[in-house]
Every structure is written in C-alpha cells, then in structure tokens.
Amino acid sequence: MTKREDRLKQLEQRKRYEPAEAEARVWGRWEEARAFHPEPEGDPAENFSIAVPPPNVTGELHIGHALNASIQDVCARVARMRGRNTKWIYGTDHAGIATQVKVEQQLVDEGTSREEIGREAFAERVWQWREQYGSRITEQFRRLGASLDIEDERFTMDEQYAKAVAHVFVALYEKGLVYRDNYMVNWDPGTRSAISDLEVEQRRVEDTLYSIDYPLESGAGSVTVATVRPETMLADTAIAVNPDDERYTRLVGEAATLPLVGRRLPIIADPHVDPEFGTGALKITPGHDPNDFEIGRRHGLEEVNVIGEDGLMSAAAGERFAGMSAEDARREVVAALREGDSVSGTRPYEHDVPHSHRSGRRIEPLISLQWFCDVGRLAGPAIDAVRDGTVRFHPERPWTGVYLDWMENIRPWCISRQLWWGHQLPVWYRGEERYVGVDPPEGEGWERDPDVLDTWFSSGLWPFATLGWPERTDQLRAFYPTDVLSTARDIIYLWVARMIMFGIEFTGSVPFSDVNIHSVIQAPDGRRMSKSLGTGIDPIQEIDEHGADALRFGLLAMSSTQDVRFSAQRVQQGRDLANKLWNASRLVLLGVDPEATADPAAAETVEDRWIVSRLERLTESTSGLLEGFELSRATLELYDSFWSELCDWYLELAKPRLYSGDNAAVSAVLLHALERSLALLHPAMPFVTEEIWSYLPGERGLLALASWPEADRGRIDDDAEGRVGRLIEAVTELRRYRDEVGAKASVPIPVRVEAHGYEELDGQLARLARLELAADGGDPVAEVRVPGGAVSILPSEAFDPEEARQRIAARRAKLEGEIERLERKLANERFTQRAPAEVVQAERDKLAEYRAALDAARA
RNA sequence: GGGCGGUUAGCUCAGCUGGUAGAGCGCCUGCCUUACAAGCAGGAGGUCGCUGGUUCGAGCCCAGCACCGCCCACCA
C-alpha cells in the first residue's frame, strides 16, 4: 500500500471530524514550521503587524478575548496568506492594581500581608506568581489557534519595556508635560491610591440630605446650607451663592460662622451655584469636593483637609473627631450639630456617587500631591490623525465621534499610583532637590519616589515598546507602525487614545491605521458576562466540547457592530460546518481521479462553469468584506455558499460524472472548488481546513502559508449562472410539487418538459427532482411552472390526483391575489407617472409572468 | 442633565444607496438516496415597538412617544 493509499484509507474511516484529536496535531505542524514567527525583514508598508491587547498576566482567557483573538487571527492569517511578512505581536500586561490585589489576597490567606513582608519581597512574590500563571494564557491562545508570534513574548514589566516607560516619563517631564502638583484627585480608600477619572464609575446611592444652619457673623439670623456629607463641614472655608440670586445679594461680602469649629466663612458669589437647589446657598469645602475645589481656587480660598489618605479624620478635624472613620464622624458631627440645634431638616436623597472601578469603594475626593500628565497638549495631533483618516475606526460610526468628543474635552491625567506593583517613578528626592532621569542619580542620600505609574501609562506604549523602542531595532524598522488594532469599546479612552497620543509624540507616526471595535458579548440572558455573577462562559470549555473552529466560527458569526448575546447555536453551527467540510472533502478526495489536479479551466459542463463562476464571486466578496472588517457577514456568507451552493447543488450535480469512468474533468473542478473553499475558510476555521489540506493530492506545504485566492473576473460566467439558477428553481418547484401531492420518494414521476433553457440540464433536472422524462405519454394531469416554461405531469400511480387538484386550486388563488394587487398598482396613475420607468416596467413584467402562470395552471 | 445605540419569525440575530421581509436554531411533514442523521428534501410561522409625516411606494428617511441598554457629566 502506498503512502497515498494509506492516507485515503484513513480518510475513508474517519466519518466524522474529531476536533480534539486533529487540533493538537495541526498546531504541532504550525509550530514545527515556525509558521507564525516572522523574521524582521522588509518594511512596515509591505509587512503586516498587529499588536494583541495584552491580557493581564495572571488572568485567563474569557469569551471577549476569544472573540477578539478570532478577529485578529482572521486579519493576520489573511495577510500572511497574501504573502505579507506578518507579525502578531504577543505579550501580557502587569496590570498593576489587579495583580497586586490578587497577590495581596494570597498573602492574607497565608496569614501575612504586603506591609509585613515589605516592598522588595512583595515584588518577588508577584514575579513568582507570574512564573506560575503567566504561561496559562499562552496555552489558551494556542488552543484557540491564534497565530501569535508566541516565541517572541513581551511583558510590560520586562527590563527593556521598563526602560521605554522611564524614557517616556523623563521626556514628557523635560517638556513640562508631566508635572507634580497638589490637586484634587479621586482617592480610592480600597486600594489606598489615587486613580484616574476613567477608573471612576458612578453608582446610584441613597443618602440623607441634611440642612444645616450657619449663623451670620452679624448676628442677624443664619444661612441654611444642604449637604449629604456633614462630616466635611469641618473643612468648610466659605459659603457661596449665585451672583444673580437676589435673596442673597445683600449678604455677599459678609460672613457666617462655622458651627462646631467657629471658622469665619466669607459669603461669596459664584455662578456654579444653582439657586433652585435647596436654599440656594452652598457650603464650600475645597478640600473634599471637586466642585468646591474649583470654586476655592477661583476665589483663593483656604484648603482644609479633615480626612486623610487613610480614610480617618485628621487632626485638622479637631480633637473631638480626629482619628474617627469618616462614617463615624458623620454620625458624631450630626449629633453635635443637633445639640447646638443647627440641623434644620433632613430628607432622603438619591444621587450618583463616584466609586472606584477597582475596589468598588466610594471615592474620597482629596487634595493630594500627585503626578499628572498634561494630555491636553498631546491631544491635538491625535485628533488630527483621526479627523484626516490616518487612523480609521471600524465601524466608523459612532466610534470616530466618541473618540473625538472625548479627546476634545480631555483633562489632565493623574498618573501616579500609591501601589507597589508597577513601574516605579524615575524620580528621586534629596531634601529640596529633585532628580528625574532614566538612570538613578549620582551621589549619596537620594530617595526614590515610592509611587508607581498608572498601568495604562505603560500600556500606552505597547505597539512600539514591544518592538524594542527606544532602541532603533530591526523589529521596529520592520513592523512599526502596525496595521490593525482590535478591541472592545470599553478601552477606547483608557488605551486606544493614549496609544495614538504617545505613538505620534514619540515615534512620529500613528501606531496603527485601523481600529476595529467589536461587539461585547453578553450572557445568553442579556446580563453582563462576569465570573462573579456566574454568567461567564469559558472559551476553553467550549473548545473542549465543540472544537476551536466551532467556537471561532460561532463568535465571528454572532458578533457584529452592536452588543450581542452569546449564542450557543452559532457555535454549534460552526461545529456542523467543520463536519460538513470534512465530509464534503471525503466525497471529493475519495472519488476523484487519482491523477487529477485542481484546475478551474477544466470545466466542461455548464454546471462546472457555474460553480467556478460562483467561487470567483465569493472570493471577491469575501475579500471585500474582510477588508471592511465585516467579519460576521463574511463568515456567514462563506457558510451559506459552501453549504448551499457547493454541497447541496454542485456536489449533487457532479456525482454522476464523478462516479463514471470519465471523471478527469469533473475531478479537476471538484479539487479546485475544494481548494478554493478551504483557502477562503482558513482564516476563520484554521484547524479543520489545515487538516483537510494535508489530504489533498500532491506535495504541498501548509495551508496557513498558502496563497490567498485572488478573484478572477474572467471566469465569471453569467450564462452559466443564469442557467443553473433556473435549474435550481425548477428542481425546487418540482420537489415541492412532489411533496405536496404526496408522491412517494422512491417513485419517479413521468413528465414532459415543455420549457426552454434546459438543453444540457434536463438529465440533471430529472435526476434531482426524480422524474421520468417522456417524449409523449398522453394528456398531462397537471403542469408545474418553471423558469422558461412548464413541466407537464403525466398520468401515473405516483400520487393521488385529488391531492394534485387541490394543490392547483390553491396555487391559482395565490396567483389571482398577486395579479389583482399588481393590476391595482399599475392602474394607479400616480405610480406609473412618478415612479422610475424601470420600476414600472419590472412590475409589468411581473404581472405578465403571473398571468402566464395562471394560464398554465388551468391545465 | 447631555449624548449614543437597540426594539424585525417561538429564540439569537442579518437586512448595503427606500421598490410587497432573510439566516441559524426550534417547530411540522417525508426520507437511514453508498460524503455527512452533527445529514437530505419540502413546509408553516412576521400588521418589522407605538403615533404621525415625507413619498407613487417606508423595516429602511423625518418628527414625537414608549420601553431596554450603554457612554459621558463637578447641582450640594
């Protein structure tokens, strides 16, 4: 037995596609060939590169990662097949807060804490954690078939990467774009760190709104203010009213006395105050409220801090309250005010309150000494790049607008974090001296700033820092700028915008030209998919059950431009398609002439020309859809064409010739159709297509490295498409007739074809519709309209004539209804006069067709 | 408070520049037809959220309303 015969025997025995077994083997072949590891040759214009959004090192692949990986893999595989030197940049993110929290939890479980073991030991623990779990996500990407350059893995805390981060910080500092300032920040009591505006989320909260009377200094009564946070009154430094509020005009310039504290509070006028709210008088607490902070700076007010970074009341709160938690202080302050009879009212009050996205704790606005990045000055070129199309969002609407709106109103970014895991600031202090530099300062006595950078600061450098920037490496020269970035919408501001800003600022070019924003996949019941809710779906489990190709197909098919619910049926559809591909391939490969090779030019019949033509159209359309990132449409169209056209029609049409002695031509066409289908489906379903590819005759390399088909318009054949199209319609009509009149499946019906256009196809018509062609045979008992005429049904025992009569009556009724509708439409002068001539003509043609059909149905 | 998106067959979703609605799954009927029962053939099922408007003609355009969801926002 030759090797080839052995392979075919194997194929014959494998009646089902078993993904688990095939996938491991196929991955091995790719890896052995180092198919996804490019050499840094050529230039970015001819090469293709795409940087994966780096997952958290300690994380696991979730369904969103799986979708995004499928999308990026389609892009990478198509580019690779097009012969472009393709690099899909791989790596993970140190994910400051998220990782630190996990490791801290581990320490707590061991009965210790990060404070106890110290900063250095803590960092070591995190690195250990990474060693332990860092490879898990890589393995998961493998299972999915993602053609990442896994050999060349990066990590945002790598030494080289850290150097890039420090370099950027220092450069921005030297330009004055990074600075240290005492400013109001979002303090997260949970992580005990400042966080940026983007890490804050609003939550609906039930509070109590207290009305408090502040006596006027003049002794002439009091001013009543409203607050949900009475404990902050201890830090009040003014009372503000609206300048147009006539009730208070007289009081502006006077002062009130702060109860419990005795501080003198000037009464000031500021347009921020809404006269409609409460009494129209607002207590101003510049130290603990972002609005009041702004008002305070406008009016040069004193900034008092009564709540510390530990969440406890500070000494400035006074002896009575110092050391209490803010919550305790609230109760005590209210009690004290009540003693003084200063509380004039309370009412329940529901409003939005900022919370930490990370810890879930209520944000404590504080004035704190932090580092900021003046992104406003980096935004200009990043806005222009999107405006002029250098960077394009897909879909363009609404994301271009979303991006631009945010960028145009961008505010300073607080970049320092009071954490231990992350890029420590390259800043040192010695007394009043400050040193900022990539390398540590010379000399004794320098102390390094303990803060680390916001994780998104380092992520913002991802597309170029992964390639070795700021060194001018071969990788950078070959693959930067990258081509595509794909992500969900939730990190457009956090990540995408910052990459564009940093990319332009530091490399002089945008980091990518196309940004694909994909769906967010929700749980099947419409809730958010999340581990804590128990609504998550594990992609690896899906792969175990249905295969990677099935999951990939399902995800690509279900995603679109809007959020979608996870659809198990789509995954199943993918599994079915993989199996269908497998079995259709068995039919072809086991039946084909052993000497044959794929050749569309071998087409000898109209149906051969038809499938060749259809495949060219499919090729053209698939390429177009993929270029426009319409992956869902592309995937579903491929499914439909392969299943309905190639399998349901062409394979059935080809069978008689395939099984005849003279099957050389049909073999060549079948192999062509199979090769073309495998190539087009490979980016979406790489495993099964690669597996089948290995069974094709002849010496051939990997499908992953084969060339992407280019549509040949010269092979598009309108005549063949028209004729086979009519054949399909006729067969369907006749099958429906058979079914309706209850003809037994196994008994052919005698007929006489009285239609033109079936010259080379009447044999196929008879076979597929199970007819017996007769030249004569007496008077027909019925007629079935088919394109180009009718098929007369001759008397036989194949069905019940009464059934047939009823069917004809029903058909006549339907046709009469249609005719009436069209007649009415065409009698309407406003339609015939105003509608375009071709539309009117089309309606007339349709009417004529229906009338002819009705006429024929009289038989 | 501002903005964006959704509402189409029992379920999940398509529907490009307006010309009498599509897919998968599910359902019904008939088939183990030698690639595939994870299959084949046929079928039923929709007043396209509501109300107006523009148009010869609206799922598609305009206005308003209802419900659902998301994003942004410094009214205590």
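Just so it is clear: chains get the letters A, B, ... in the order the sequence lines come, proteins before strands, and each one is counted from 1.
Across all strands shown, B:A21 forms no Watson-Crick or G-U wobble pair with both distances under 3.5 Å.
Using atom P as the reference point in both B:U17 and B:G6, the two lie 13 Å apart (nearest Å). The separation of B:C28 from B:C65, taken at their C1' atoms, amounts to 40 Å, rounded to a whole angstrom.
Looking at heavy-atom distances under 4.0 Å, A:Leu282 makes contact with a base.
Note on A:Arg411: a side-chain N or O is less than 4.0 Å away from OP1 or OP2 of B:C74.
Between the side chain of A:Lys580 and the base of B:C36 there is at least one donor-acceptor pair of N/O atoms closer than 3.5 Å. Residue side chain A:Asp292 does not reach the base of B:A76 through any donor-acceptor N/O pair under 3.5 Å, judged by distance alone. One N or O donor and one acceptor, one from the side chain of A:Arg16 and one from the base of B:A38, sit under 3.5 Å apart. On a pure distance criterion of 3.5 Å, no polar donor-acceptor pair joins the side chain of A:Glu630 and the base of B:A14.
As a whole-Å value, the separation of A:Asp289 CG from B:A76 C1' is 7 Å.
Ring planes of A:Phe293 and A:Tyr183: perpendicular class, angle over 60° (limits at 30 and 60°).
Without hydrogens or angle criteria, A:Arg633 side chain to A:Leu625 main chain gives no donor-acceptor distance under 3.5 Å. Remark: the backbone N or O of A:Glu276 is paired with a side-chain donor or acceptor of A:Asp274 at under 3.5 angstrom.
A salt bridge between A:Arg203 and A:Glu201 is present, with a side-chain N of the basic residue lying under 4.0 Å from a carboxylate O of the acidic one.
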